[in-house]
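Before any comments, here is the structure.
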Amino acid sequence: MEMRKILDGVLSILHQLGWASGDFSSLKTVTLRAGASKRDFGLSYASVQSRQYLALAIPDGFHPPLFEELYTRYLDFNFDIYLLFKHLDDGISGVDYLLYFDEQRSCLYDIRSQECLIYCAGIHERMERLFPHLEKKKVETGGLERLQRKSNDSLSMELYGWFDLWSVQLGSKTGARRETLNKFMMKLALARYYAILFGAEVPLLRFSGFVRDPSLKRSGRRKISGSEYFRKLFDFFKSHLELDLFTPGKAEISFLKKLEAYPDALNLFLIEFNFLCRLKFSLDVFLTLWCPEKERLSSTRKAYTTEREEIKKRLFVSDGVVLKPVVVNLDEEGTPWALHLFDEVVQFWMNHNYQMKNRQEKMAKSGKQRKILKAKRHHREKGIAFGRQDFQMDMFGYMPEKLDTQGCIPNVIDHSLKTSFRVTGEKVFDESSPFLFLLTAKCFEMWKKYCLPQQPLASLPEVFQKTIT
């Protein structure tokens with residue numbers, strides 16, 4: 001009865017804003033669980049153009065979180081809203097927004113990004129700040145999509161705040177150095193980004209498996225061996241993608257083992273990791289967080305002053321053999337510009353594969369394929385680039401190590417890393433360099449962007465090798 005009364009109060013205002021009774025589904029009570037914890041909610045759905053678009057959720061017997069409590073922990077939502085996100089993502093397709101409210105407080109979330117767009121601490125704020133955006137005509141014309149979102153600067157500052165808060169807490173307990181903690185946090189950020197892009201089919205990437213009601217101190221907590229869980233998590237990236245940067249060093253192994261003595265802190269750390277919105281785990285946010293402002297400004301200038309054909313001036317390839325890779329000075333050009341150029345290098349080799357496929361198809365149609373393939377095998381055995389019989393392979397040229405039956409490069413990104421892209425600068429680069437993490441995130445992004453297979457990136461550290469001239 002209490003939930004019905006609260007919903008009727010909100011619906012009465014929405015009716016005045018152009019919504020009809022038939023736009024809303026009947027109120028249903030659902031019980032949502034995570035581990036031994038559960039919550040009851042009343043749910044109704046508002047439809048726009050015959051599609052469920054906005055979920056109205058009312059807590060049964062408890063209240064929405066105080067925004068101040070989330071803010072001080074740098075969190076985007078709490079356990080209750082997490083349960084609603086999980087339910088709406090898994091069970092109801094097409095619902096884009098969540099309006100969570102009781103008789104006083106309200107919060108409007110974008111379900112896709114998990115970002116809180118509007119928070120109201122009382123009825124007066126609700127009338128002033130929330131309902132004007134829920135006028136039906138405005139909603140139908142994309143009004144909620146036009147609500148202001150957080151900038152990358154804001155998102156990165158919040159993510160840094162959460163990392164820093166937990167670095168202090170975990171560091172004070174284990175005595176770990178800041179460098180060790182920073183590298184550990186970057187690994188977790190990359191793992192979360194990978195899981196968001198490609199799903200969490202791998203159980204180790206289901207960080208949601210650790211979610212419990214953090215207010216229940218003695219109920220259903222999962223006891224975790226820190227060194228064991230994180231070792232398996234990092235081993236996944238090492239074994240499946242050959243990412244050496246996930247190999248823990250001595251300091252990190254010591255830190256993880258010491259964490260085992262603090263299961264309460266470790267459990268809360270993993271719980272809260274799920275309460276950060278997925279919007280914060282993106283390459284743009286990582287760049288703002290880990291790339292110095294000076295480099296970002298340098299990259300912006302390069303983007304405005306460089307010709308589009310620059311990649312052709314930097315990369316010299318003859319018949320599939322790289323004679324001169326793209327070289328980027330991070331001090332002068334900046335990390336964002338370097339990643340942009342690497343994207344163009346990958347596109348170059350994707351286009352190379354496309355041309356090879358077309359050539360092979362034409363040859364097959366003309367009956368010449370068998371002869372050409374035999375010649376190509378002969379030239380590979382001799383270490384000679386196909387099409388350039390007078391060119392002998394030496395230390396100055398890089399030829400693809402593997403080609404498929406069509407003469408295409410199977411692992412385009414790793415080939416680009418191995419042969420066609422180098423970075424220079426005054427800094428000393430190693431596997432703890434933020435640039436290496438950012439370049440890894442860029443590779444993840446390109447897998448998704450270009451629908452490329454997720455293949456090993458064994459050549460990633462080679463971008464730091466001294467360029468041969």
Side-chain angles (χ1 to χ4, degrees), residues 152 156 159 182-198 234 237-238 240-247 281-292 294-296 298-300 302-303 310-311 314-315 322 325-350 398 409 411-450 452-467:
N152 289 329
S156 66
L159 184 57
N182 287 345
K183 188 175 180 181
F184 172 73
M185 295 296 182
M186 284 194 284
K187 289 182 182 181
L188 281 185
L190 276 181
R192 177 81 181 272
Y193 184 41
Y194 181 89
I196 289 170
L197 289 177
F198 306 109
F234 298 155
F237 290 96
K238 179 67 173 68
H240 285 71
L241 302 176
E242 297 186 28
L243 287 169
D244 289 336
L245 61 88
F246 277 93
T247 303
F281 297 90
S282 71
L283 180 57
D284 288 337
V285 174
F286 293 165
L287 277 168
T288 308
L289 177 59
W290 293 329
C291 179
K294 179 181 178 182
E295 286 191 27
R296 286 185 274 130
S298 298
S299 294
T300 301
K302 291 293 294 184
E310 171 133 345
I311 187 69
R314 295 194 180 215
L315 179 65
V322 179
V326 170
V327 182
V328 187
N329 187 306
L330 295 184
D331 299 329
E332 298 176 359
E333 301 176 271
T335 295
W337 183 250
L339 298 184
H340 166 74
L341 288 177
F342 180 66
D343 196 319
E344 291 200 358
V345 168
V346 172
Q347 290 183 54
F348 172 88
W349 288 113
M350 289 174 60
Y398 294 92
I409 300 165
N411 191 339
V412 170
I413 291 185
D414 194 66
H415 174 73
S416 300
L417 292 167
K418 185 176 182 62
T419 69
S420 310
F421 184 74
R422 297 290 180 266
V423 293
T424 63
E426 294 182 0
K427 300 175 184 177
V428 177
F429 296 112
D430 55 33
E431 292 185 4
S432 64
S433 166
F435 180 80
L436 195 59
F437 285 86
L438 290 168
L439 183 57
T440 304
K442 181 65 178 179
C443 293
F444 292 175
E445 180 195 68
M446 288 190 292
W447 281 337
K448 188 73 172 182
K449 178 180 176 181
Y450 299 124
L452 296 171
Q454 300 152 44
Q455 296 175 306
L457 300 173
S459 301
L460 199 69
E462 296 189 24
V463 300
F464 295 141
Q465 291 179 351
K466 184 177 180 180
T467 306

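- Minimum heavy-atom separation, Asp414 to Ser459: OD1-N, 2.9 Å.
- Side chains of Leu287 and Leu339 form a contact here, defined as non-hydrogen atoms less than 4.5 Å apart.
- Side-chain contact between Leu315 and Phe421 is absent, with no heavy atoms from C-beta onward closer than 4.5 Å.
- Atom CG of Asn411 and atom NZ of Lys418 lie 11.5 Å apart (nearest 0.5 Å).
- Between the side chain of Arg296 and the main chain of Cys291, a donor-acceptor pair closer than 3.5 Å is present.
- You'll find the side chain of Phe281 stays beyond 4.5 Å of the side chain of Val285, heavy atoms only.
- Here the side chains of Phe437 and Lys183 are in contact, with some heavy-atom distance below 4.5 Å.
- With values rounded to the nearest 0.5 angstrom, Leu452 atom CG is found 8.0 Å from Met446 atom CE.
- Leu436 places a side-chain heavy atom less than 4.5 Å from the side chain of Phe464.
- No side-chain heavy atom of Asp244 sits less than 4.5 Å from a side-chain heavy atom of Leu460.
- Remark: the backbone N or O of Pro456 is not paired with any side-chain donor or acceptor of Glu242 at under 3.5 angstrom.
- Leu457 is listed as a side-chain neighbour of Trp447, based on a closest heavy-atom distance under 4.5 Å.
- Across all non-hydrogen atoms, the minimal contact from Gln455 to Val412 is OE1-N, 4.4 Å.
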| request: Walk me through it: do Arg314 and Val328 pass the test side-chain contact (heavy atoms from CB on, under 4.5 Å)? | output: CA-CA 9 Å; Arg314 295 194 180 215; Val328 187; 4.0 Å; yes
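- Between Glu333 and Val327, the shortest heavy-atom distance links the atoms OE1-O, 4.3 Å.
- Residues Phe234 and Leu243 form no side-chain contact, since every pair of their non-hydrogen atoms from C-beta on lies 4.5 Å or further apart.
- Every pair passing salt bridge (Lys or Arg N to Asp or Glu O under 4.0 Å) that includes a residue from residues 438-447 is listed here, sequence neighbours excluded: Asp343-Lys442, Lys442-Glu445.
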Hey, can you pull the donor-acceptor pairs under 3.5 Å for the side chains in residues 187-197, sequence neighbours left out?
unit_1 : atom_1 : unit_2 : atom_2 : d
Lys187 : NZ     : Phe246 : O      : 3.4
Lys187 : NZ     : Glu252 : OE1    : 2.7
Lys187 : NZ     : Glu252 : OE2    : 3.4
Arg192 : NH1    : Phe273 : O      : 2.7
Arg192 : NH2    : Leu276 : O      : 2.9
Tyr194 : OH     : Gln454 : OE1    : 2.6

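- In plain terms, the two heavy atoms of Thr419 and Val322 that are nearest each other are O-CG1, 3.2 Å.
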| said: Let's go through Phe435 and Trp290 carefully: what are the C-alpha distance in whole Å and the side-chain angles of both, what is the deciding distance for side-chain contact (heavy atoms from CB on, under 4.5 Å) to 0.1 Å, and is it a yes or a no? | reply: CA-CA 8 Å; Phe435 180 80; Trp290 293 329; over 6 Å; no
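- A pairwise comparison of heavy atoms in Leu417 and Arg422 identifies O-NH1, 3.0 Å as the closest pair.
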